[in-house]
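Written below as structure tokens is the structure these notes are about.
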There are 2 protein chains.
Amino acid sequence: MKKIKTKQKITLVDVAKEAGVSAITVSRTIRSPHMVSPKAREKVEAAVDALGYVPDAAASALASNRTDVIGLLIPSLTNSVFAEVLRGMYDEIEGTPYSIQIGNYRYSPLTEEKLIRTFLCQKPAGLIVAGLDQTETSRKLLMEASCPIVQIMEFDKGPVDSMIGFSHFEAGAAATRHLIEQGYERIGFLGARMDPRSQRRLAGFRQELKSRGSLSAERTVTTPEASSVGLGAELLRELLVRAPDTDAIFCNNDDLAIGALLEAQRRGIRIPEDFGICGFNDLEISKQLNPGLTSVATPRYRIGGAAIKTIVRSLETDSVTARKRLDLGFEVIPRGSSILNLERKNAQS
Amino acid sequence: MKKIKTKQKITLVDVAKEAGVSAITVSRTIRSPHMVSPKAREKVEAAVDALGYVPDAAASALASNRTDVIGLLIPSLTNSVFAEVLRGMYDEIEGTPYSIQIGNYRYSPLTEEKLIRTFLCQKPAGLIVAGLDQTETSRKLLMEASCPIVQIMEFDKGPVDSMIGFSHFEAGAAATRHLIEQGYERIGFLGARMDPRSQRRLAGFRQELKSRGSLSAERTVTTPEASSVGLGAELLRELLVRAPDTDAIFCNNDDLAIGALLEAQRRGIRIPEDFGICGFNDLEISKQLNPGLTSVATPRYRIGGAAIKTIVRSLETDSVTARKRLDLGFEVIPRGSSILNLERKNAQS
DNA sequence: CTGTTAGCGCATTCAG
DNA sequence: CTGAATGCGCTAACAG
């Protein structure tokens, strides 16, 4: 059976004919209008409108050996953290010709490696990956890639190309110091999933306590499960069985912290008098709780925006100058769940 | 400066030579192995490994006039609802050759139209759009599209192609009935953003009250702003100024409901005795609150999975048989924030 | 089951 | 600033 082409595809050549110029002029008018005389541009634009021409992305990609797709590799979609990062990215990408394609590697470095391969085959405009813990092969693939690469969420030495984030170790340490400064003495840690970034926050927590001689192994309760509010409640129960005299906790993230706070309230534990809580990420809800949840604000939204901006700039300037090494920092936000002694705190600062 | 090609690109032809077959056989071995003799397949696979061949997606797209990209158009990334939908999609797409590309149209139908255009030009494997409220032009574009289209989140008459969701009108009505059945009499509505789906929930709320003669305009408080927990608190304050005798609320979503619940508690309003609250979406945190938040559970995760499954099946069977009209329903989950009279409820049911 | 032939629509040369 | 020629790497449509 013969295929009946209802609407013949309109190509560059058709537009060129209509406009009385050559195909390449049409191509240039679309990609880089400043390289075309205003007169020609007008004619071409009229023809494009008249014919309803739309460029063929695949043909363009094949001929130019590149696409307008920015690949993004993230370990999880459950994680509320990445929702904010995504938002920053989509806000920043608005108005550019680029689009984002997400790959979810579910915290599996091998899946990540496979996805890096897949993405690189598509000649992406850029690639954004989370963290520093790629496999050896992944790192090599990224280093050899001919597009800008941005590692996000963390900040450390030895980036593949650009790196935008903050130090999770320092953040964990800072949160812990905050609890210590508030006078808490037997501080525990609640953690779920324990991906590399969580591990580093835990390491910061540990160092801070160890240097003060108050680290106690049974006060660290973690699970490989994914974080959730319900899990925070469970982990608190577990902690209070293992170490009932614990008087404060640093939680891996706000989901767990909120769950712990609500569970503590169900148990009649007074917060912050009997028990202090510090979360991580500073979700919007955290400040609304009663009492407000002390947390560590992280620049998730800005990380997303900066990552896209870095790639777009690399592409525009076509140089290594655009490479970024950005430590966007973090901030401990003290709230009711840990401020034991407000007067003393004020006097100190 | 001359570009140094460190590694010559490996093509199908290279693999074909290495394997001693023709290029098309290699192509088939990769796309549809069952059409190739086991002997040839082995040789090809060996050659692919040996040379480290990776197919060129752009060339494939150009030649075959299609891609493996499924386009997804959503109105917002802030919305916690879509995070779940996305999760369902990525879980379902795992193991298929397809990938997802997200377009965010920020609740602007015109932007949506533009994105539909952009996506369709890329010959997507399928397109997923939210809701029923596309512009006339958008609808036409979708109807003319040569790929499977799935409208998600809502269920109603007149789908473009497939449709997977539930009735927001019915859900709003059911939530309202629940509050009425619990004995609340002066029920208000808190809403933010008020996108089309929120509007339909509000319509369901209104109808339910009107039919009982207890609809009161000043008890409906809405804002065009995006939802947040903080906003829920604000809207409750506003409502209590406008109509202080209100004794229950149906909130547009759980974020608002949580904010309202926490604000009510700060004000010493007893929940559910003085004031009942029903949210929408049943976020994970809702059941953890004290008291638990009554909410309407929506099949977000399943919607995402079903949408992808529908597209993949359409592509596989290459027929209209795979078209789906799925009402996935919803469920009111009664919890402490609205169960005034447990005995009566049990007696009734 | 396999191979041959002929483009897909555009962008990259390089010349004018 | 503009144009002509060429091919990117793959797959559709046949024929064997």
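Residue numbers begin at 1 in each chain, while the letters A, B, ... track the order of the sequences.
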Side chain B:S64, main chain B:S60, donor-acceptor under 3.5 Å: yes
Length of the NZ-C1' vector between B:K123 and C:dC10, whole Å: 10 Å
Spacing of B:I24 atom CD1 relative to C:dC1 atom P, expressed in whole Å: 15 Å
Sugar-phosphate only, base, or nothing, as touched by A:L12 at under 4.0 Å among non-hydrogen atoms: sugar-phosphate
Nearest-Å distance for atom pair CG/C1', residues A:L62 and D:dC8: 4 Å
N/O (side chain, B:S27) to phosphate O (OP1/OP2, D:dC10) under 4.0 Å: no
Length of the CD1-C1' vector between A:I10 and C:dG9, whole Å: 13 Å
B:S22 vs C:dG3: side-chain N/O to OP1/OP2 distance below 4.0 Å: yes
Touch class at under 4.0 angstrom, heavy-atom based, for B:A58 against every strand present: nothing
Below 4.0 Å: OP1/OP2 of D:dT2 and any side-chain N or O of A:S37: yes
Electrostatic pair B:D195:B:R193 at N-O distance under 4.0 angstrom: no
Touch class at under 4.0 angstrom, heavy-atom based, for B:V13 against every strand present: nothing
Under-4.0 Å side-chain N/O to phosphate OP1/OP2 contact, B:R31 with D:dA12: yes
Check ion pair A:E316-A:R313 (N to O, under 4.0 angstrom): no
Touch class at under 4.0 angstrom, heavy-atom based, for A:A61 against every strand present: nothing
Sugar-phosphate only, base, or nothing, as touched by A:R28 at under 4.0 Å among non-hydrogen atoms: base
Proximal nucleotide (of D:dT11, C:dA11, D:dT2) relative to the A:A63 side chain: C:dA11
Closest nucleotide among C:dC10, D:dC10, D:dG3 to the A:T25 side chain: D:dG3
